[in-house]
Amino acid sequence: MPERLKTYFGDAENEPAQQVSKAVPDPAPEEAGRKKKRSKRKRDQPADEEQPPRNHEPIHKEPVKAPSPVVEKVVPEPAERNGEIVQQQTLSKSQQKPKSTYQSKPKTLDSKTNFSSLREKANNLYEQRKKLPIFGHADEIRQKLRDQDVMLLVGETGSGKSTQIPQFLVNEFWCRPTDTKITKKDGSEKLVKVGGCIAITQPRRVAAITLARRVAEEMGTPLGSSSPAILRVKFLTEGMLLQEMLHDPWLTKYSAIVVDEVHERGVNVDLVTGFLRNLVSGNKEGRGGVPLKVVVMSATADMESLQGFFQEGFKLEVEEQKRIQNGSAKAEKEDEKVKDISVCHIKGRQFPVKTIYSPEPVHDFVDAALKVIFQIHYKEPMPGDILVFLTGQETVEALEHLVNEYAIGMDPGLPKILVLPLFAALPQAAQQRVFMPAPPRTRKIVLSTNIAETSVTVSGVRFVVDCGKAKVKQFRSRLGLDSLLVKPISKSAAIQRKGRAGREAAGQCFRLYTEKDYLTLDETNTPEILRCDLSQALLNMKARGVDDIVRFPFLTRPPRETLEKALLQLLNIQALDDTGSISKIGQHIAKLPLTPTLGRVLLAAAEHGGDCLTDVIDIISCLSVENIFLNANSEEKKEAAETARRDLYRREGDHLTMLATVRAYAAENADRKAWAERHLVSHRAMQSVMDVRKQLRTQCRQAKMLPADQRNDHFPDPSPILILQSFLGGFATNTARLVPDGSYRTVVGNQTVAIHPSSVLFGKKVEAIMYNEFVFTNRTYARGVSAVQMDWVGEALAASG
DNA sequence: GAGCACTGC
């Protein structure tokens with residue numbers, strides 16, 4: 001082992017790694033035993049209280065218009081282990097998107113043989129399900145939810161909660177649709193079906209699809225919109241549930257909502273929990289009094305705040321009841337409920353992972369990681385891949401070069417190493433390499449950003465190296481500035497990273513920080529609602545009839561200043577009127593899958609006619625997905641791409657360059673993928689662009705903003721002035737003017753801002769610029785930049801008041 | 001001269 005790489009975590013002499021690995025129990029015999037048992041039991045009939053899956057009869061015999069499909073067979077067959085889904089892969093956004101055209105009528109549905117093969121598969125899976133840690137808790141969980149409407153569940157990784165909970169509940173008596181009288185606003189009564197369906201929300205689309213597929217298999221039903229099961233169990237993202245609530249604020253389709261992975265605390269989950277608290281503790285008038293059951297599930301034990309959160313809701317309700325009924329019997333009964341929001345803990349199924357801390361604080365974690373990687377590789381037996389958590393593409397690539405460099409001088413008798421970078425901006429093919437097993441006598445070393453913490457599971461990993469840091473986006477509302485800074489992770493993130501070493505066998509986690517430092521970390525991640533621009537969240541709430549934002553039950557209340565800033569922003573784009581109520585414009589924007597600002601631009605463009613709107617939709621689609629332009633990692637490639645891209649560049653700036661790119665991509669009918677590669681454009685990003693574009697076009701046609709018969713090949717010359725002026729309709733405050741010293745200063749706030757190097761206007765000097773984003777990394781940058789005239793800016797600012 | 005991760009009909 002090279003001298004330089006020795007001793008990061010103590011000398012080889014002092015802490016022989018061989019001993020460490022021997023100290024770890026060998027899981028192999030246990031595994032073998034389990035397998036044997038499984039195959040024996042397969043022949044037996046299940047004896048448990050839980051019935052094996054049957055073909056679920058559709059509840060509604062008459063044809064029912066299926067809800068939008070959530071699932072589609074696009075996910076690679078998940079490798080199953082211990083009855084648990086272990087493979088989550090990043091799919092391109094377009095692959096992830098359910099396409100309603102895909103499975104209008106699966107051919108298999110009429111075939112009896114197919115149903116029986118589905119049943120057979122389900123029966124086999126049932127044996128695995130019974131072994132999940134959660135399975136023995138089924139009755140307890142059912143009983144609790146019969147008694148109360150809210151349950152909290154802590155389920156560690158591998159407990160099986162996401163797949164089993166819906167199946168435990170779906171045949172409960174309270175989960176049947178009930179014919180219910182609902183009093184409408186005008187006083188008339190209507191008979192409607194309430195309930196019957198269970199929704200399970202996930203933070204990510206891939207997870208929703210993977211889980212839906214798995215549960216369909218376990219239940220022995222076909223997957224998708226035509227499956228009878230879709231009427232009962234539905235996996236969707238938090239955002240999709242919010243979108244459904246726009247049309248059905250009382251969630252009348254559902255008997256229960258299961259909120260999964262709440263510990264990740266994205267903005268949407270905070271909104272969902274707030275709305276659900278109002279639904280479970282209010283008078284349920286919109287549901288005709290039919291209760292809604294809510295299960296909130298988390299992988300981390302921090303449940304006290306959630307418990308308090310829902311109890312507070314019931315307490316307020318009881319107070320309200322008491323006030324109205326003056327302490328009647330009903331209110332007393334409700335009082336009991338308050339005391340009784342139970343928390344259910346389910347152990348996970350993980351192999352033990354030994355934690356090894358750095359004895360000294362680490363200054364350069366790339367260098368430290370390099371040493372640890374080789375220490376592991378020299379001392380630990382195969383197999384056992386290494387997963388290294390770093391902060392970003394830059395550190396990933398730096399370490400990649402270093403490891404490859406050192407590997408050249410490695411003892412040739414040692415196993416080979418294969419270094420694989422992993423980050424979201426990586427082209428699809430390169431990402432896929434991470435999932436392939438390493439060749440024989442080769443150790444895989446995956447150098448990853450946060451993407452491997454939650455979104456992607458790499459198999460074969462037994463060693464995790466954790467630098468203890470991550471890049472975090474933080475919105476500073478006062479400056480309207482997003483900063484992307486390297487920050488220490490939380491304890492729960494550190495635990496999550498460590499857990500990645502124990503998915504398949506006992507593992508080790510090397511933390512590139514001291515134990516003392518670990519103890520000073522925050523317990524949990526900062527909820528996103530404290531870190532981001534809230535204008536979209538607020539508009540969502542306003543569109544759902546929440547007039548008093550201050551009284552909305554936030555799981556974590558954002559600072560007043562952030563809320564005020566967001567309200568001001570919505571006022572500026574006329575999404576709210578002077579009284580703070582949502583305007584017609586706001587109603588319209590809330591239905592678009594866009595930030596309020598981009599939504600406003602779309603409406604502004606519509607005033608300039610269909611051609612302008614069509615062009616603006618193309619640009620907005622680019623701005624609302626990840627970066628469409630890739631970066632070459634070699635000079636050679638870069639030059640080739642620059643040449644190929646030249647015909648796409650527009651001197652007006654990035655907005656029109658994006659338009660040219662979308663048009664060229666859309667016009668390419670032969671091989672779009674090859675076109676994208678030639679131009680060093682991300683094919684994956686462009687697929688998402690085309691999806692968003694299609695959605696927006698459809699919505700605009702429905703709103704009569706675009707003619708119904710418009711065709712894709714209708715391409716008149718764009719009008720840059722109208723396009724950029726439309727953008728100023730939303731981005732008037734995202735502008736800067738050139739000052740005599742050659743730098744740019746923001747028109748509002750007079751902040752210095754530099755054009756981002758990725759912009760086509762980088763290094764150029766124009767009278768004024770309009771930008772899509774204002775970000776701080778090493779300095780303040782404007783990203784997504786176009787040249788504008790100061791008098792347009794003045795007009796736009798005056799128009800927005 | 002530079003790009004944490006997600007999401008939305």
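Reminder, nothing fancy here: chain letters follow the sequence lines and each chain counts from 1.
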*Counting heavy atoms not belonging to A:Arg745, are there more than 12 under 6.0 Å from its CZ?*
yes

_Here's one to test your reading of the geometry: is the NZ or CZ of A:Arg645 within 45 degrees of the ring axis of A:Phe629 and under 6.0 Å from its centre?_
no

*Between B:dG1, B:dA5, B:dC9, spot the one nearest the side chain of A:Thr449, thanks.*
B:dA5

*Select from A:Val472 and A:His247 the residue whose nearest nucleotide in DNA chain B is closer to the 5' end of that strand.*
A:Val472

*Given B:dC9, B:dA2, B:dA5, which nucleotide is nearest the side-chain atoms of A:Gln243?*
B:dC9

*asked:* Less than 4.0 angstrom between a side-chain N/O of A:Thr237 and OP1 or OP2 of B:dC6, yes or no?
replied: no

*Which nucleotide in B:dA5, B:dG1, B:dG3 has an atom nearest any side-chain atom of A:Phe762*: B:dG1

*asked:* Considering every strand and a 4.0 Å limit on heavy-atom distances, what is the contact class for A:Leu594: base, sugar-phosphate, or nothing?
replied: base

_Listed nucleotide nearest any side-chain atom of A:Arg204, set B:dC4, B:dC6, B:dA2_ = B:dC6

*asked:* Classify the ring geometry of A:Phe554 against A:Phe552: parallel below 30°, tilted from 30° to 60°, perpendicular beyond 60°.
replied: perpendicular

_Is it the case that B:dG3 (base atoms only) and A:Glu394 (side chain only) share a donor and an acceptor within less than 3.5 Å, ignoring hydrogens and angles?_
no

*For A:Gln699 and for A:Leu630, locate the closest nucleotide of DNA chain B by heavy-atom distance; then report the residue assigned to the nucleotide nearer the 5' terminus.*
A:Leu630

*asked:* For a quick check of understanding: with a heavy-atom distance under 4.0 Å over all strands, which category does A:Ala470 fall into, base, sugar-phosphate or nothing?
replied: nothing

_For A:Glu244 and A:Lys234: C-alpha separation, side-chain torsions, deciding distance, then whether salt bridge (Lys or Arg N to Asp or Glu O under 4.0 Å) applies._
CA-CA 12 Å; A:Glu244 282 193 14; A:Lys234 181 166 171 177; 2.7 Å; yes

_What's the closest nucleotide to the side chain of A:Arg205 if the choices are B:dG1, B:dT7, B:dA5?_
B:dT7

*So, is A:His756 close to the B:dG3 phosphate, meaning a side-chain N or O under 4.0 Å from OP1 or OP2?*
yes

*Classify the nucleic acid contact of A:Thr595 as base, sugar-phosphate or nothing, counting any heavy atom under 4.0 Å across all strands shown.*
base

*asked:* The side chain of A:Ile451 is closest to which nucleotide in this list: B:dG1, B:dC4, B:dA5?
replied: B:dA5

